[in-house]
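In what follows, a structure is listed as structure tokens, so that the remarks can point back to it.
In what follows, chains are A, B, ... by sequence order, proteins preceding strands, each numbered from 1.
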Amino acid sequence: MIRLDRLTKAFGSVTAVDGVTMDVPSGAVCVLLGPSGCGKTTTMKMINRLITPTSGKIFIDGRDTSTLDAVTLRRSIGYVIQQIGLFPNKTIEDNICVVPDLLGWDRKKSRKRAAELLELVNLDPSVFLRRYPKELSGGQQQRVGVVRALAADPPVLLMDEPFGAIDPINREVIQDEFMKLQAELKKTVVFVSHDIDEAVKMASHIAIFRDGKLIQFDKPDHILANPIDNFVADFVGGDRTLKRLRLVKVADAMQVAPVSVVAGDSLETAVARMEANNHTTIVMVGPRGRARGFLHLNDIRGKGGVVGDHVETLPGLINVNDDLRNAVSAMFSHGVTWLACVDDEGFYKGYVTQRGISQLLGASYRE
Amino acid sequence: MGTFQFIGENLPLIWTRTLEHIWLVGISIVIAICTGVPIGILITRSRALADRVLYVAAAVMTIPSIALFGLLIPVLSKIGQGIGFLPAVIALVIYAQLPIIRNTYTAIMNVDPSLREAAVGMGMTFLQRLRHVELPIALPVIINGVRNAVVLNIAVAAIATYIGAGGLGTFISRGISQTDPRQLLTGAIAVSVLAIVADFSLLALRRYLTSPGLRTNP
């Protein structure tokens, strides 16, 4: 855990960081967000003491960092910068092993780890280990930049706009890779960004800075739902509610334990079930519970026969692990107001409706 | 044709003089690297200091070599070394400072600041940063400074013959005093060839020592 306690930095008469207090829990990805000159980078650089605080303290896992040797401290904190900063005179392998070498790790062990880390970011070790930075694309270089920071397995990672200089397509890919990596490694990450979309995507916590002050520190969804003032509201953008769609999983918004029918049921059963639940549609599942199709109340009312003869293809399915943004997008592209939700195996788990999503997102505004 | 005949007849002597010349320049360059490179590194820490040091080094370069030899005579006479090898080496060391200090300073200042930030942020000490990052990246430019110094000193060392330091300058000074163009040409050609050979050797050394990751043409 990282605790900043009334952290202040003054450059001459300018107060760059003004009394910032916050707790970043272990395993959190805390994005420091704000316009340029707001003090977010200065705050981050005080954590590894690239900048010395004027006053205030920083604790990592309860230890006051000012009592530690700066060099030792920095070796225990991974550091990724926007300019990447791979050493051009060293091979990719030696770049990754910089900190392990400084720490005097066994060479075999560190080289083995370099290869493993490269695989984690989808770079083939047999191809890349012996190459030099200039032979890699920008995106590949920043992947190496990230794994270099992870090489000595530090508990804390500082990232200074790490993906800011990478083209938008590659940025998305690297962000996703990093999220996957982070889900596995659970580092405590402090991440500087000025991009609200990046913050919403990556962060477990967002800290919004203005003029050196910490304005709001909360979970992304809370910040989007309840910006503390106009500055934050403007900064997160007029479409903040749409941004929230990305933060909610289908599983959290769907109606669970839905009623369903099977192919052998009679139409009367289907109608009765719909009416009992006040629904106008019902999903037909296969023998083991996979979503197969659906029936509309108006099409079958008063007709005889079995469900299997009248079933229509489902207009769209959504995985329960997708976010609501994908769900809404699928609804719009299929022109429907609800979607059946299935798990990875295709089993029918529930359904999401436009109304349900509106209510869910609206609820937090009415709280 | 007389010159070639002279060269042919005096090969062992030319060889001896060449070795003297190489020894003189070699010693002085080694000493100059040992002083110039650290000074060049040191002054990267202070702009004001850098300006002053580079100014002084440049000013020293404007002293005519023959005058510098002359200036050293009374000083070194006190320890009985007014002429000969020692004053020659001292003068050559002084002349070699500017190209070495200047190139070291420029090369290190030109290292991408983000590399320095990454190095410090990852926990390198000042010396580790020099060893792993700044010096390897600066090396090609520093070696170019050494090449300048070597070529310059091979020329200046030819004049050191006037204070009795030997070397290939002996042929030139005798050629002048005896109005013997054969000796004069022999000395001049030998000095030029030595300079060219030294320059190309150092170029090859630079290629060898530069990391493949820094080469512009792989």
Side-chain angles (χ1 to χ4, degrees), chain A residues 41 44-45 47-51 68-104 130-136 141-142 144-145 148-152 154 156-162 165, chain B residues 33 37 40-41 44-48 103-146 202-218:
Chain A
T41 305
M44 189 202 72
K45 287 186 178 173
I47 297 176
N48 65 356
R49 289 193 26 213
L50 285 178
I51 295 175
L68 303 170
D69 169 52
V71 165
T72 316
L73 174 74
R74 290 178 194 140
R75 288 178 190 171
S76 69
I77 296 177
Y79 190 48
V80 186
I81 58 176
Q82 182 180 358
Q83 304 85 343
I84 307 174
L86 295 183
F87 303 132
N89 53 313
K90 289 178 183 283
T91 59
I92 297 307
E93 182 175 48
D94 289 345
N95 262 289
I96 295 174
C97 294
V98 164
V99 181
D101 286 349
L102 290 174
L103 293 170
R130 306 272 165 217
R131 291 205 178 164
Y132 285 90
K134 67 169 183 193
E135 299 169 283
L136 273 60
Q141 287 190 24
Q142 193 53 297
V144 176
R148 178 174 70 169
L150 293 168
V156 174
L157 208 56
L158 304 181
M159 306 178 85
D160 186 2
E161 302 202 23
Chain B
I33 291 172
V37 172
I41 292 167
T44 57
R45 306 205 111 184
S46 155
R47 182 69 203 262
N103 279 40
T104 305
Y105 173 74
T106 312
I108 290 192
M109 290 304 276
N110 280 344
V111 170
D112 184 349
S114 66
L115 296 182
R116 204 167 288 132
E117 192 193 330
V120 176
M122 287 194 293
M124 285 193 192
T125 61
F126 175 69
L127 287 179
Q128 285 166 336
R129 217 169 72 209
L130 274 179
R131 190 179 137 217
H132 290 287
V133 184
E134 291 174 332
L135 281 180
I137 294 171
L139 193 73
V141 178
I142 296 177
I143 292 183
N144 280 348
V146 173
L202 284 167
L203 183 64
L205 182 73
R206 190 191 77 184
R207 292 229 173 97
Y208 175 73
L209 289 179
T210 302
S211 156
L214 295 169
R215 281 180 206 148
T216 36
N217 306 313

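Across all their heavy atoms, P136(B) and N89(A) have their closest contact at CB-ND2, 3.2 Å. Nearest heavy-atom pair, G123(B) versus V71(A), reported as atom, atom and distance to 0.1 Å: O-CG1, 3.3 Å. Of all heavy-atom pairs spanning K134(A) and G213(B), the tightest one is CD-O, 3.6 Å. What you find for G85(A) and A118(B) is that their closest heavy atoms are O-CB, 3.7 Å.
In this structure, chain B has heavy atoms under 4.5 Å from both the backbone and the side chain of P88(A). No part of L158(A) comes within reach of chain B, as not one of its non-hydrogen atoms sits under 4.5 angstrom from that chain. Contact annotation for R148(A): only side-chain heavy atoms (C-beta onward) come within less than 4.5 Å of a heavy atom of chain B.
Residue with the most contacts toward chain B among D69(A), D94(A), L50(A), L103(A): L50(A) (heavy-atom pairs, distance under 4.5 Å). In terms of heavy-atom pairs under 4.5 Å with chain A, the best-connected choice from S114(B), S211(B), A119(B), G121(B) is G121(B).
The shortest distance between side-chain heavy atoms of V98(A) and M124(B) falls below 4.5 Å. Residues Q83(A) and D112(B) fail the side-chain proximity criterion, which asks for heavy atoms closer than 4.5 Å. Counting heavy atoms from C-beta on, the side chains of I81(A) and E117(B) come closer than 4.5 Å.
Note that OH of Y132(A) is 8.5 Å distant from CG of L214(B), once rounded to the nearest 0.5 Å. Of the inter-residue distances, the one linking R75(A) atom CZ with M122(B) atom CE reads 10.5 Å to the nearest 0.5 angstrom.
Under a 3.5 Å cut-off, the side chain of K90(A) and the backbone N or O of V133(B) do not form any donor-acceptor pair.
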